[in-house]
There are 2 protein chains.
Amino acid sequence: MSAAVETPKKAFRRLPPADRKKQIVEAAVAYFSEFGFEGATRGLADRLGVTQPLIYRYFPSKDELIRAVYEEVYLSRWRGEWMQLLGRRDLPLRERLIAFYESWTSVVFEPQWMRIYMFSGLRGLDINRWWITFVEDHLLRRVCEEVRALSGLPSASETPITAAEIDGYWLFHGGIFYYGMRENIYAVPPRTPLPRFIEMAIDSFLQGFPEAVKSALPQAD
Amino acid sequence: MSAAVETPKKAFRRLPPADRKKQIVEAAVAYFSEFGFEGATRGLADRLGVTQPLIYRYFPSKDELIRAVYEEVYLSRWRGEWMQLLGRRDLPLRERLIAFYESWTSVVFEPQWMRIYMFSGLRGLDINRWWITFVEDHLLRRVCEEVRALSGLPSASETPITAAEIDGYWLFHGGIFYYGMRENIYAVPPRTPLPRFIEMAIDSFLQGFPEAVKSALPQAD
DNA sequence: ATCGTTACTGATCAAGTGCTAAACAAAGTC
DNA sequence: GACTTTGTTTAGCACTTGATCAGTAACGAT
C-alpha cells in the first residue's frame, strides 16, 4: 500500500578523488582498529555513507587499502622531531627522555594506534620486522648513544652499540609500552598517571643503566 | 573415464568422546594461534583429519570452542607452584624471581601462548580485564609484598600495597613480557639470551625499587 | 542550456562462513 | 550373527565476504 511514500533518494556528493581517498583511509584506520583487518569492506563503506564498490575505485584490493592504513599509522604519525629532541645535548638526558616519551605516548597510546599495531603484528607480513628494527635504530640505539656520551664512554662510531645495551634499554622501553597496552588494549587503565609513570621509568633507567654499561665496556679509557 | 579407480574410502577412527574433545581443543589452540579466532572451523577440521560438523558435536558453537581454548591456555597452563616459589623466604628474593621468570617464560614465551594472548586481548570480551587483574593479584602484588618484607617495611595487611608499587613493578614485568613479544609475535629475536635478560631485569629492579618504596612509605617505623 | 567527463551506485558473482539434519558405519552386547 | 548405541560423514541452507561491471547522475567547461 501507500505507494505515494517516496524514498528521499538522497543525492550523493562527488568529492575530488584526493579528498575521498584520504577520507577512506582515515575511516579505514578507525574501522580496522575496531574490528581488525578482517572487518568487512561493506561495514567500512556504510560508516562512510558510501557504497562498497566505491572503495574499489580507489584501492584495487582490500590488501592495498590495508597497506595505505599501515602507511597512515606507521609513517605519517611518526614525528621527525623525536630524534632531534633525543640528541639535544644542551638539555639533561633526563629531561630529553621525559619530553620525548610524553610526546611519543601522546601519539602511540591511543586505541587506534595501539590496536592497529597489534593487529598488524599478528598479521605477519614484514611490517613486524620492519617496525621493530625501525624503532631499534631510530630510538633505542639513539638513547644508548646518548648514555655513552653522558658517561664519557667511546662513541658508537668507535665502539659499536652492543646487543646488551640495546636489549637493556628495551626492558624500559617495553615496560613503558606495556603501560599503553594495559590502558588501550586491555582496558585496565593503570592507576598511576602517565607522566608520573614516565618519570619513574626514566629515573629507574638512569639510576642503573649508565653504570652497568660502563662496567660492561671496560676497554674504555 | 577410468571409472574403475576406486577412492580409498579410508575408514575413520572412532575415539572416546573425552579424547576427541581434548584433541579438538588442542588443535584449536594451535590453529587459532596461527589464524586468529576468525580462522574457519573447516580449516581446523581438515587439520584434524576430520569433517567440520564433527566439531559441532562436541561444541555447540564456535564461541564455545573459543571459550575452551581460553581455558586451556589461561587456566590449565598456569602453575600453582609459581606463587609458592615467590613466597619462599628461605631463598634470596633475587633467586626466587629469577627462578620464577625462567619457569614462567618457558610457558608464556611460546608462539602459541603469546598469539592466543594477543588475539584474545583484541577480541575484547572480559578475558582482558580478568587476566590483567589476575596477574596483578597473583604475581605483581606478591612480588611487592616480598619487597616489603625484604626492606623491613610494614606488611600488606598493615599498609596495603599502593598503586605506585604495583605500577612500579609493572614496568619491569611489562619489560620482560615485551621480550617475549619481540621474539614470538614480531619474530625479531632479541640477541641477548633470555636467561641473561632476566637476570639483568631482576638486578635492575632490585637495585632501585626497594629504596624507592622505602622513601615513598615514610610512615613506617 | 548542453555536453562530456567521471565519481558514484545497483545488481550480481563465486567463494567461503557457521551451523543443521539425516544418513552411515564402527564398536560393544547379547 | 543380529541388535543397539553413538561417533562420524554427506549434503545442504542461509548468510557474508571480496570483487566486477554496466549504468546513472553530479559537476565543470563551453
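What you see is a predicted model; the values in this text were computed from it and never measured. Below, chains carry the letters A, B, ... as their sequence lines are ordered, and counting in each starts from 1. Heavy atoms only: backbone and side chains are in, while hydrogens, waters and symmetry mates are out.
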Write down the distance between [atom1] ([X]) and [atom2] ([N]), rounded to a whole number of angstrom.
X     : N      : atom1 : atom2 : value
B:L15 : C:dA25 : CG    : P     : 19 Å
B:Y58 : D:dT9  : OH    : P     : 10 Å
A:I55 : C:dC8  : CD1   : C1'   : 13 Å
B:R13 : C:dA26 : CZ    : C1'   : 12 Å
A:D46 : D:dG18 : CG    : C1'   : 15 Å
B:E64 : C:dT20 : CD    : P     : 13 Å
A:L44 : D:dT16 : CG    : P     : 17 Å
A:R20 : C:dT6  : CZ    : C1'   : 13 Å

For A:P17 and B:F37, take the nucleotide of DNA chain C holding the closest heavy atom to each; which residue's nucleotide lies nearer the 5' end?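 The 5'-side residue here is A:P17.
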Residue closer to the 5' end of DNA chain C, B:G39 versus A:F12 (nearest nucleotide):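 Closer to the 5' end of DNA chain C: A:F12.
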Assert yes or no for the condition that the ring centre distance of A:Y101 to A:H173 is strictly below 6.0 Å.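 Yes; A:H173 has its ring centre under 6.0 Å from that of A:Y101.
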Answer with yes or no after comparing the ring centroid distance for A:W113 and A:W131 against a 6.0 Å cut-off, counting only values under it.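 They qualify: ring centres under 6.0 Å apart.
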[X] side-chain N/O to [N] phosphate OP1/OP2 under 4.0 Å:
X     : N      : answer
B:T41 : C:dG18 : yes
B:Y56 : D:dT8  : no
B:R57 : D:dG7  : yes
B:R14 : C:dG28 : no

Which label fits A:W104 and A:F177: parallel for a plane angle under 30°, tilted from 30 to 60°, or perpendicular past 60°?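 Tilted: the ring planes of A:W104 and A:F177 meet at 30° to 60°.
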A:F37 six-ring centre to A:R123 NZ/CZ under 6.0 Å and within 45° of normal: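 Positive - A:R123 is close enough to the ring of A:F37 and near enough to its axis.
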Between A:Y58 and A:R20, is there a cation-pi geometry (under 6.0 Å to ring centre, at most 45° from the normal)?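 A:R20 over A:Y58 ring: no.
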Counting side-chain heavy atoms from C-beta on, which of [options] comes nearest to [X]?
X     : options                : answer
B:K62 : C:dG18, D:dA19, D:dT10 : C:dG18
B:P53 : D:dT10, D:dT20, C:dG18 : D:dT10
A:A40 : D:dT8, D:dA19, D:dT17  : D:dT17

Students often get this wrong, so: under 4.0 angstrom with heavy atoms, is [X] touching a base, only sugar-phosphate, or nothing?
X     : answer
A:F59 : nothing
B:R42 : base
A:E38 : nothing

